[in-house]
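From a predicted model like this one, the values you see are computed outputs, not experimental measurements.
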Amino acid sequence: MSEYFNARLRQIKPLVKGVLDAEDTVEVWSIIGGGGLQPEDLENGVLYSETLPRGREPGFTAKQRHLHFLWDAFDKLPLSLLVPFSIPFRRMLAGQLFQDRGVAFVCEENVRFNIGQNISVGENVFFNRGVFIDSKGGVEIGNSVCLTEDIRIFTHAHDEHSHMVRSYNKVVIEDHAKIYSGAVIMPGVTIGAEAIVAAGALVNKDVPPGMVVAGSPAKIVRERHSLGRHGDDLDHIWLF
């Protein structure tokens with residue numbers, strides 16, 4: 001990473017790890033190339049996630065609101081496309097937004113979630129472009145997991161007789177699992193360790209460890225072709 005980008009990240013780090021009040025957030029926004037934002041905008045604004053029932057329970061702190069704003073707004077800026085800055089910047093925000101965030105977290109652009117504090121990710125986790133995580137019911141992601149493009153994860157549902165009746169169920173994705181493009185994971189599902197979800201699959205039941213599932217609804221089609229490799233020997237390396 002170039003010293004050019006490192007210098008900006010060093011300016012931002014104490015602000016993000018500190019109180020991150022409205023004025024701090026405007027300063028970060030300015031450092032990353034944004035403009036037109038006033039502290040009063042943030043002090044009087046409300047995020048969509050805060051209007052949700054699980055967003056109001058237990059609610060967002062001012063810092064959480066500002067972190068969510070920076071996460072979403074960053075993707076509107078040219079700097080979001082430059083890997084030497086964008087990957088460590090998102091990693092920095094995730095360290096404050098998520099319940100847990102392991103080392104070497106890699107996140108591409110246009111990744112959205114509604115309640116960051118309900119997300120836990122392990123080490124060496126990769127989110128590709130266009131991932132959406134409905135984290136109202138909680139999402140737990142293990143080590144060396146890959147979510148590829150346009151994945152959708154849901155952790156809540158509404159009753160048919162009344163949209164106001166909701167249920168919440170955590171989604172768990174265990175170590176070294178891979179979820180391929182366009183897959184949808186439904187509430188309460190556990191994806192077992194080293195499992196693979198094929199592109200476009202709709203997963204509404206647990207996936208056993210080491211299995212490959214495909215289809216809508218997803219069904220087991222075979223074991224993973226691991227050639228005797230397991231864990232880190234599967235070479236889940238996302239960014240060189």
Parallel, tilted or perpendicular: ring planes of H156 versus Y168, cut at 30 and 60 degrees: parallel
Qualifying salt bridge (charged side-chain N to carboxylate O under 4.0 Å, His left out) pairs, either residue in residues 175-195, two or more places apart: none
With E50 via side-chain hydrogen bond (donor to acceptor under 3.5 Å, both in side chains) - residues at least two apart: R65
Close side-chain approach of L93 to F74, heavy-atom, < 4.5 Å: no
Cluster link F132 to L147, ILVMFWY, side chain under 4.5 Å: no
Test item: V139 and F113 side chains (from C-beta on) under 4.5 Å apart, heavy atoms: no
Heavy-atom closest pair, residues S181 and E149: OG-OE1, 2.8 Å
Any residue meeting salt bridge (Lys or Arg N to Asp or Glu O under 4.0 Å) with R129, in chain and number order, not counting sequence neighbours: E108, E109
Any donor-acceptor pair under 3.5 Å from R152 side chain to V184 backbone: no
Shortest non-hydrogen contact between L15 and E27, atoms and distance: CD1-CD, 3.8 Å
Single-linkage hydrophobic cluster, 4.5 Å side-chain cutoff, V83 and V106 together: yes
Pairs meeting criterion salt bridge (charged side-chain N to carboxylate O under 4.0 Å, His left out) with involvement of residues 161-173, two or more places apart: E140-K170
Non-hydrogen side-chain atoms of F126 and L239 separated by less than 4.5 Å: no
Heavy-atom closest pair, residues A214 and A201: CA-CB, 4.2 Å
Note: D75-R112 ion pair, threshold 4.0 Å (strictly below): yes
Minimal non-hydrogen separation, G33 against L77, with atom names: O-CD2, 4.0 Å
Same apolar cluster (I L V M F W Y, side chains within < 4.5 Å links), L9/I32: yes
T155: partners by side-chain hydrogen bond (donor to acceptor under 3.5 Å, both in side chains), with sequence neighbours left out: none
Residue pairs involving residues 35-63 (criterion ring pair (Phe, Tyr, Trp, His ring centres under 6.0 Å); sequence neighbours excluded): F60-H68
From CA spacing to verdict: side chain to side chain contact (heavy atoms under 4.5 Å, CB included), V28, F89: CA-CA 11 Å; V28 173; F89 180 65; 4.2 Å; yes
Distance-only check: which donor-acceptor pairs under 3.5 Å involve side-chain atoms of residues 36-45, not counting sequence neighbours?
unit_1 : atom_1 : unit_2 : atom_2 : d
D41    : OD2    : Q38    : N      : 2.9
N44    : ND2    : E40    : O      : 2.8

Non-neighbouring partners of D24 that pass side-chain hydrogen bond (donor to acceptor under 3.5 Å, both in side chains), sequence neighbours left out: none
Check: V26 main-chain N/O paired with S30 side-chain donor or acceptor under 3.5 Å: no
G18 backbone acceptor or donor facing K63 side chain under 3.5 Å: yes
Salt bridge (Lys or Arg N to Asp or Glu O under 4.0 Å) partners of R10, counting only residues at least two apart: E3
R54 side-chain N/O to K136 backbone N/O, donor-acceptor pair under 3.5 Å: yes
Contact check, side chains of N128 and W238, non-hydrogen atoms, under 4.5 Å: no
Single-linkage hydrophobic cluster F154~V111, side-chain heavy atoms < 4.5 angstrom: no
Contacts of type side-chain hydrogen bond (donor to acceptor under 3.5 Å, both in side chains), residue N143, not counting sequence neighbours: none
L79 vs R8 side-chain heavy atoms within contact, under 4.5 Å: yes
Result block: side-chain N/O donor-acceptor pairs under 3.5 angstrom for residues 206-213, not counting sequence neighbours:
unit_1 : atom_1 : unit_2 : atom_2 : d
D206   : OD1    : T190   : N      : 2.9

Worked verdict on I12 versus F85 for side chain to side chain contact (heavy atoms under 4.5 Å, CB included): CA-CA 11 Å; I12 293 167; F85 183 88; 3.7 Å; yes
Joint cluster assignment, I173 & L234, ILVMFWY side-chain distance < 4.5 Å: no
Qualifying ring pair (Phe, Tyr, Trp, His ring centres under 6.0 Å) pairs, either residue in residues 173-207, two or more places apart: H176-H236
Separation of I119 CD1 from D134 CG (nearest 0.5 Å): 9.5 Å
Non-hydrogen atoms of W29 and G35 that approach each other most closely: NE1-N, 3.1 Å
Heavy-atom donor-acceptor pair, S135 side chain to I115 backbone, under 3.5 Å: yes
Any donor-acceptor N/O pair, H66 side chain to L20 backbone, under 3.5 Å: yes
Any donor-acceptor pair under 3.5 Å from D159 side chain to H161 backbone: no
Rounded distance (nearest 0.5 Å) linking atom NE2 of H158 with atom OG of S167: 8.5 Å
